[in-house]
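Naming: A, B, ... by sequence-line order, numbering from 1 per chain. Because the structure is predicted, anything quoted here is derived from the model rather than measured.
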There are 2 protein chains.
Amino acid sequence: MAEVIHMRIGELSEKSGRTERTLRFYEELGLLVPASRTKGGFRLYDSGALIRIHWISRLQELGFSLPDIKEFLTELQGTPDGPAMMGDLRSAYAVKLAATRATIGRLRALEAELAASIDYLDTCKSCAPSTHKTACRACREDDHAEMEVPAMVLAVQTSSSIG
Amino acid sequence: MAEVIHMRIGELSEKSGRTERTLRFYEELGLLVPASRTKGGFRLYDSGALIRIHWISRLQELGFSLPDIKEFLTELQGTPDGPAMMGDLRSAYAVKLAATRATIGRLRALEAELAASIDYLDTCKSCAPSTHKTACRACREDDHAEMEVPAMVLAVQTSSSIG
DNA sequence: TATAACTCTCACGTTGACGTGAGGGTCAGA
DNA sequence: TCTGACCCTCACGTCAACGTGAGAGTTATA
């Protein structure tokens, strides 16, 4: 049996970068249970806790809410044999992989839109410096003339934005 | 002067896909002001509202909070001349472009991790169907043997997950 | 002029993910 | 044994982004 080092919540907080409140909160939700407690009630964690916390963060980045993760764990604990559990895990990950790819796609589209808006706005520098804001709506400067106004720029030039 | 069609909140709600509550909420925050009101107090919006709502959604997808967007608008309204305003817009967008690219990078890393985990879990199918969960921790099936256990799989096989 | 459909303004409720004390025990070293 | 650092359990607060009535007024149409 390997030597298992137990740490108290303060140390785990430092090592994991989470606040103590967060760690206790994870426990409330059933996501992170301390390996044991001292007789006085202090929580004692082993190094697996760090791995677990990392995992939780990953899933959060993937868009899982903490209740989602809890449900996830509960489900996995419900399956009786190993391969079945790994199968459940696999399918959950597969779903999230698809969602992640979709998100990446959306972000790439937004990236392109932002880049186009920036390109367009770059040409604004050549306007007369003190042109009033309302003028931008109908600006016909040479550089602009052929460019279509990006939607993300148009929206700002609309109605209530400009006095 | 072109004919401007005014719509009431119900119609705008339908066309934009937002609830009426959401539209009123946007107004509370100063993000979307109706073009006018009827004598009885009904909100009347013009088509610019749709553009504006779309813009808000875009910014939300980019990670702006509604208060962020409000601040954004206020700032833009503060600048007196057109080119300066466009410059402000440009720099705000530039910041978000960088952040978006960073997010895409993180998601791509997660994507790879998920894919690796799925690959690994695929090899679990070959285990004896009724192997108990705890066995997975020390599984030495042929297909696994050379593969390193991905962190996202390891975390699930740790301590409190398995009875 | 009814009446149905629509809209108005409060104002409290909800979910997620913690923050922030209050008041009081626990542990390790001198 | 004592003290300072650490930890405990309530339990209310917060921020974002709306949801959900309640009770009352407004409009378009028959």
Task: Minimum side-chain heavy-atom gap A/L114-B/R58 below 4.5 Å - done: no
Open item on the list: Is any side-chain heavy atom of A/H6 closer than 4.5 Å to one of A/P34?
Closed with: no
Open item on the list: Does D/dA17 have its OP1 or OP2 closer than 4.0 Å to a side-chain nitrogen or oxygen of B/Y26?
Closed with: no
Task: Under-4.0 Å side-chain N/O to phosphate OP1/OP2 contact, B/T38 with D/dT27 - done: yes
Open item on the list: Can you pull out the residues from residues 10-20 of chain B that lie within a 4.0 Å heavy-atom distance of DNA chain C?
Closed with: B/G10, B/E20
Rounded to the Å, how far apart are [X] [atom1] and [N] [atom2]?
X	N	atom1	atom2	answer
A/F42	C/dG25	CZ	C1'	8 Å
A/Y45	D/dC6	OH	C1'	14 Å
B/F25	D/dA16	CZ	C1'	7 Å
B/E28	C/dA11	CD	P	12 Å
B/I9	D/dT27	CD1	P	15 Å
B/L23	C/dT9	CG	P	13 Å
B/R43	D/dT26	CZ	C1'	13 Å
B/E27	C/dC8	CD	P	9 Å

Open item on the list: If we check salt bridge (Lys or Arg N to Asp or Glu O under 4.0 Å) with A/E27, which of these qualifies: A/K70, A/R37, A/R52?
Closed with: A/R37
Open item on the list: Please check if the number of heavy atoms outside A/E71 that lie under 6.0 Å from its CD is greater than 12.
Closed with: no
Open item on the list: Please determine whether the number of non-hydrogen atoms from other residues, nucleotides or ligands lying under 6.0 Å from atom CD of A/E14 exceeds 12.
Closed with: no
TODO: Within residues 64-72 of chain A, find the residues that approach DNA chain D with a heavy atom at under 4.0 Å, and present them sorted by residue number.
DONE: none
Open item on the list: Check this for me: does any side-chain nitrogen of one of B/R21 and B/E28 sit under 4.0 Å from a carboxylate oxygen of the other?
Closed with: yes
- [ ] Describe the nucleic acid contact of B/R24 in one word from base, sugar-phosphate, nothing, applying a heavy-atom distance below 4.0 Å.
- [x] base
Open item on the list: Counting the atoms with a prime plus P, OP1 and OP2 as sugar-phosphate, which does B/Q60 contact under 4.0 Å by heavy atoms, base, sugar-phosphate, or nothing?
Closed with: sugar-phosphate
- [ ] Could you walk me through whether A/T22 and A/T19 pass side-chain hydrogen bond (donor to acceptor under 3.5 Å, both in side chains), step by step?
- [x] CA-CA 5 Å; A/T22 296; A/T19 66; 2.8 Å; yes
Open item on the list: Return the CZ to CE distance between B/R90 and B/M85, rounded to the nearest 0.5 Å.
Closed with: 15.5 Å
Task: Pairwise 5' ranking along DNA chain C for A/L29 and B/G41, keeping only the more 5' one - done: B/G41
Task: Whether A/F72 and A/F64 hold their rings parallel, tilted or perpendicular, with breakpoints at 30° and 60° - done: parallel
